[in-house]
Amino acid sequence: AKDYRQSFQVAARGIELDRSNPKSQALYAEALAGVQGVQSGIDYIMGLINTYPTEITYRMSLARIYRKEDRFFEAIETLK
């Protein structure tokens, strides 16, 4: 949990500095999943996917969140 909190703080700072950076947004979503619960991270990254459907970074992030939860089928479907 401590690692997620540190990641969350770093990611939040990254977003503060450059909100348009997909990698920062993806890291934030993954850290959010660890700190506030998986569904929070999924909801956050899904909002980005819906806004920027061609940005693969967000789909990769969602797949990682699913994979960490052993939701392998959803991870695979996310990347199709």
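Every value quoted in this text rests on a predicted model; they were computed, and no experiment measured them.
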Enquirer: What's the shortest heavy-atom distance between Gln25 and Ile45, and which atoms?
Expert: O-CD1, 4.5 Å
Enquirer: Nearest 0.5 Å, what's the CG-OG1 distance between Leu62 and Thr78?
Expert: 4.0 Å
Enquirer: Provide the closest heavy-atom pair for Arg59 versus Leu79 in the form atom of the first, atom of the second, distance.
Expert: O-CD2, 3.8 Å
Enquirer: Tell me whether Leu48 shares a hydrophobic cluster with Tyr28, the cluster being built from Ile, Leu, Val, Met, Phe, Trp, Tyr side chains joined at under 4.5 Å.
Expert: yes
Enquirer: Any chain of hydrophobic side-chain contacts (each under 4.5 Å) joining Ile76 to Tyr58?
Expert: no
Enquirer: Between Gln39 and Asp43, is there a side-chain donor-acceptor contact under 3.5 Å, judged purely by atom types and distance?
Expert: yes
Enquirer: Say you draw a straight line from OG of Ser24 to CZ of Arg13; how long is it, rounded to the nearest 0.5 Å?
Expert: 11.5 Å
Enquirer: List the steps and the verdict of ring-ring contact (aromatic ring centres under 6.0 Å, His included) for Tyr66 and Phe72.
Expert: CA-CA 7 Å; Tyr66 283 142; Phe72 301 113; over 10 Å; no
Enquirer: Are Ile65 and Met60 connected in the hydrophobic side-chain network, where two residues link if heavy atoms are under 4.5 Å apart?
Expert: no
Enquirer: Which pair of heavy atoms, one from Ser61 and one from Ala29, lies closest together, and at what distance?
Expert: OG-CB, 4.3 Å
Enquirer: Grouping I, L, V, M, F, W and Y whenever their side-chain heavy atoms are under 4.5 Å apart, do Met46 and Leu32 come out in a common cluster?
Expert: yes
Enquirer: Run the side chain to side chain contact (heavy atoms under 4.5 Å, CB included) test on Arg71 and Val38 for me, step by step, so that the C-alpha distance in whole Å, both residues' side-chain angles and the decisive distance to 0.1 Å come before the verdict.
Expert: CA-CA 11 Å; Arg71 294 166 65 174; Val38 173; 4.2 Å; yes
Enquirer: Please determine whether the number of non-hydrogen atoms from other residues, nucleotides or ligands lying under 6.0 Å from atom NZ of Lys68 exceeds 12.
Expert: yes
Enquirer: Would Glu74 and Arg67 pass as an ion pair if we require N to O under 4.0 Å?
Expert: no
Enquirer: Can you sort out the partners of Glu77 under salt bridge (charged side-chain N to carboxylate O under 4.0 Å, His left out), two or more places apart, ordered by chain and number?
Expert: Lys80
Enquirer: How far apart are the closest heavy atoms of Thr57 and Ala26, and which atoms are they?
Expert: CG2-CB, 4.0 Å
Enquirer: Give a yes or no on whether Tyr52 and Ile42 share a hydrophobic cluster (residues Ile, Leu, Val, Met, Phe, Trp, Tyr; joining criterion: side-chain heavy atoms under 4.5 Å apart).
Expert: yes
